[in-house]
Amino acid sequence: MNIPAHLQPYVAKQQYQRYTPVNQAVWRYVMRQNRHFFQHTAHQAYVSGLQKTGIDIEQIPSVEKMNACLKPFGWGAVPINGLIPGVAFFDFQARGLLPIATEIRTLEHIQYTPAPDIIHESAGHAPILSDEKYADYVKRFGRIGAKALANREEHEVFEATRHLTIVMEDPHSTPDMIADAEQALQEKIAAATEVSEATQISRLYWWTVEYGLIGDLKNPKIYGAGLLSSIGEGQSCLSPEVTKLPFSLEACIQTDYDVTKPQPQLFVCRDFDELSEAVERFADRMAFRVGGTASLQKTVRSAHLATAEFNSGLQVSGVFTELIYDEQGEAIYLRTAGPTALSFEGRTLPGHGKATHCDGFGAPIGHVRDLPCPLEEMTSDRWADDGWSLGTELELHYTSGIKLKGILKDAVFRNGRLILLSFEQCSVMRSDHLLFHPDWGTYDLAIGSRITSVYAGAADPETYFADEVSAAIEVEDDPAPALSTLDHLYQAVREVREGQRDIHSLNNIMEMLDHHYPEDWLLRLEILEIVSEHQIKPWVTRLRGQLDALREANPALDSLIQNGITLIDCPVLSKR
């Protein structure tokens, strides 16, 4: 699989041997429930899409196998390390790669987890990708979402959210640790008072790809991955208690969500074409299509890597830190700090990568006075006809009041038009404000009278991040974890179910459960499934009594146990 260099740091290796028998049992329980429930309530592509995309009900899927199965639909699958930045997540999807977190939720969080896990990423997202129009929507969304600009406070919210999801799924976390992480997240959310285009488009993604319903408002079907991977909310979301609203772009981008709680309302789209039209309408208002001063201001507020493109086609990629304005409030000079690269049509210009502009870059924006044509319209032929030549001293006076004086060292043309000039012994001034001093070295002048596009990330990410990605090193497999006694019991029951162990060995397993694990409900369900099929009535009676006692003692287990018993009592349901 060809993973771009800038995305490789997010790629993990699926350590399949790390999945324990309990992990496998959690997967099997959730998938049996989901296949049964969603066969009538999910989008028609769901049930058939499970098999088509390499998802087995009986065991956790191999991401490598999923990658091969998704290929006919123009997609692939790649394992990742948990929650990753939105720009990277969307970039994967833009390239037709489904990012799959390979961790799996714990038994304690079997109904739902806010942390990315393989149930959500594979069984939630993959099946509906077998629908051509939906697959196109998600890929289109990825291309647009990858360009969205966030502000500094929202980046901090992401980090706090990531920390909370890790703490909530860590079996060693204490209630105080979880409470502290939740408090930290709430503080970051409170500080994020401005809603960026990145937040708006993430809301659109949440209310469609993650929590979307489709079809008739009164009898919708489920297609959102968050619902298709949650046996709790996936079943309750169609109840009258959850408000169903007609899909609306404006309503979606204005409605916030809480990843840790069930959603009080959901949006029902007409079809996937409606979603594609909506995300394109939203893109029309984003900085990468609008450009101009307001878009540049978004990059400064983001304090993260972004790209500004001049109308000459020159692209400046760096962290934008300062804008200088004219009397009308329009940006007339931009400045980056730290490593900056200059590109054209997504390719870094030779000699203008991060090493050259390691301390930042500055450039005027606007028209130059007293020229026969705008600089961005200067062709190589006209350049010579107008008497421009290397080694001559030039003065350029911008209508904004910026003045440049220096000796012309180099000129760069692309597609026959000027995009960059380089000067030696150069000074750049605006009134008494020094913007560049001759002692600072070569001044590279970006050509362009206006900014046509601004977006998150680098114009040429492969080159920009090349020095940050080491040569590929084969990752060694981690050793399989030391299994607990309970894991061995789960494994033994699986072997009985698969015919590898005699059914009478279940008697000893039940004795072990009774003495050491009186609160474990899932393994008792698995044993009940086997003994019910073999009609061993004394064991059936014994297990049902224990499960009823667990339901009574812990109401949170009631629906989990009852749903499991429903499939056992009518096994044909679980095999449809």
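None of the values given here were measured: they were computed from a predicted structure.
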Could you check whether the rings of His357 and Phe361 sit parallel, tilted or perpendicular, using 30° and 60° as the cut-offs?
perpendicular
Is it true that, when you exclude Glu132 itself, more than 12 heavy atoms of the residues, nucleotides or ligands shown sit nearer than 6.0 Å to its CD?
no
For atom CZ of Arg270, decide whether the heavy atoms of other residues, nucleotides or ligands shown that lie under 6.0 angstrom number more than 12.
yes
Taking atom NZ of Lys403 as the centre, does the number of heavy atoms from other residues, nucleotides or ligands within less than 6.0 Å exceed 12?
no
Mind listing the closest non-hydrogen atom pair of Trp440 and Phe436 along with its distance?
CZ3-CA, 3.3 Å
Determine yes or no for a side-chain-to-main-chain donor-acceptor pair under 3.5 angstrom, with Arg335 supplying the side chain and Gly362 the backbone.
no
If you count heavy atoms of other groups shown closer than 6.0 angstrom to CG of Asp370, is the number above 12?
no
Considering all heavy atoms of both residues, which atom of Arg95 and which atom of Pro4 are nearest to each other, and what is their separation?
NH1-CG, 3.5 Å
Between Glu345 and Asn415, do the side chains contain an N or O donor and an N or O acceptor separated by less than 3.5 Å?
yes
With sequence neighbours excluded, tell me which residues meet side-chain contact (heavy atoms from CB on, under 4.5 Å) with Ser248.
Glu250, Ala251
Is it true that Thr307 and Gln315 share a donor-acceptor pair across their side chains at a distance under 3.5 Å?
no
Would you check if Val78 and Ile3 make a side-chain contact, meaning some heavy-atom pair closer than 4.5 Å?
yes
Quick one: does any side-chain atom of Gln14 pair with a main-chain N or O of Val63 as donor and acceptor, under 3.5 Å?
yes
Should the pair Asp284-Arg289 be classified as a salt bridge under the 4.0 Å nitrogen-to-oxygen rule?
yes
Can you find a side-chain donor-acceptor pair between Gln183 and Glu187 that sits under 3.5 Å?
yes
Determine whether a donor-acceptor pair (N or O, by modelled atom type, separation under 3.5 Å) exists between the side chain of His433 and the backbone of Ser431.
no
Sub-4.5 Å side-chain heavy-atom contact between Leu396 and Leu375
yes
Flag, side chain of Ser312 to backbone of Ile447, donor-acceptor distance under 3.5 Å
yes
So, Asp444 versus Ser422: side-chain donor-acceptor pair below 3.5 Å or not?
yes
For Thr392 and Ile407, run side-chain contact (heavy atoms from CB on, under 4.5 Å): C-alpha distance rounded to whole Å, both residues' side-chain angles, the deciding distance at 0.1 Å, then the answer.
CA-CA 5 Å; Thr392 61; Ile407 297 173; over 6 Å; no
Could you tell me whether the side chains of His120 and Ser229 share a donor-acceptor contact shorter than 3.5 Å?
yes
Side-chain donor/acceptor of Glu197 to backbone N/O of Leu149, under 3.5 Å
yes
NZ/NE/NH1/NH2 to OD/OE distance under 4.0 Å, Arg140 and Glu280:
yes
Glu103 vs Pro116 side-chain heavy atoms within contact, under 4.5 Å:
no
Tell me, do Pro246 and Val268 make a side-chain contact under 4.5 Å, heavy atoms counted?
no
Counting only heavy atoms not in Asp359, do more than 12 sit closer than 6.0 Å to its CG atom?
no
Apply side chain to side chain donor-acceptor pair (under 3.5 Å) to residues Thr293 and Glu330 and explain how you reach the verdict.
CA-CA 6 Å; Thr293 296; Glu330 290 297 317; 2.8 Å; yes
Quickly, which of Tyr137, Tyr223, Phe141 forms a ring-ring contact (aromatic ring centres under 6.0 Å, His included) with Phe272? Name it, please.
Tyr223
Should Phe423 and Leu408 be marked as a side-chain contact (heavy atoms from CB on, under 4.5 Å) after you check the CA-CA gap, both sets of side-chain angles, and the distance that decides it?
CA-CA 5 Å; Phe423 293 88; Leu408 189 57; 3.9 Å; yes
Evaluate the side-chain proximity of Leu249 to Phe282: yes if any heavy-atom separation is below 4.5 Å, no if none is.
yes
d(Met66 CE, Leu129 CG) to nearest 0.5 Å is 8.5 Å
Please confirm whether the backbone N or O of Glu64 pairs with a side-chain atom of Ser62, one donor and one acceptor, at under 3.5 Å?
yes
When you compare the side chain of Ile365 with that of Ile451, does any pair of heavy atoms fall below 4.5 Å?
yes
Side-chain donor-acceptor pair present, Ser449, Glu376, cut-off under 3.5 Å
yes
Would you say the side chain of Leu305 lies within less than 4.5 Å of the side chain of Tyr464, judging by non-hydrogen atoms?
yes
Can you give me the closest heavy-atom contact between Tyr10 and Ala88, atom names plus distance?
CE1-CB, 3.5 Å
When you compare the side chains of Ser276 and Lys133, does any donor N or O come within less than 3.5 Å of an acceptor on the partner?
no
Tell me the closest heavy-atom pair linking Phe413 and Leu418, and the distance in Å.
CD2-N, 3.4 Å
Of Ile419, Leu314, Thr348, which meets side chain to side chain contact (heavy atoms under 4.5 Å, CB included) against Leu342?
Leu314
Residues which pass side-chain contact (heavy atoms from CB on, under 4.5 Å) with Ser453, listed by chain and number, not counting sequence neighbours
Phe288, Glu309, Tyr455
Would you call Arg301 and Glu194 a salt bridge, using N to O less than 4.0 angstrom?
yes
I need the minimum non-hydrogen distance between Ala456 and Val87, along with the two atoms involved.
CB-CG2, 4.0 Å
Looking only at non-hydrogen atoms, find the nearest pair between Cys252 and Trp207 and report the distance.
O-CD1, 3.4 Å
Show, in sequence, the C-alpha distance, side-chain angles and deciding distance for Tyr205 and Phe90, and conclude whether the ring-ring contact (aromatic ring centres under 6.0 Å, His included) test is met.
CA-CA 10 Å; Tyr205 189 85; Phe90 288 134; 5.3 Å; yes
For a 4.5 angstrom cut-off between non-hydrogen side-chain atoms, does Glu462 reach His6?
yes
Side chain Asp460, main chain Arg347, donor-acceptor under 3.5 Å:
no
Give a yes or no on whether the backbone of Ile80 and the side-chain of Lys13 come within a donor-acceptor separation of less than 3.5 Å.
no
Please check: side-chain N/O of Arg203 versus main-chain N/O of Ile253, any donor-acceptor pairing under 3.5 Å?
yes
With no hydrogens and no angle check, is any side-chain donor or acceptor of Thr340 less than 3.5 Å from a backbone partner on Thr336?
no
What residues, two or more places apart in sequence or in another chain, satisfy ring pair (Phe, Tyr, Trp, His ring centres under 6.0 Å) together with Phe92?
none
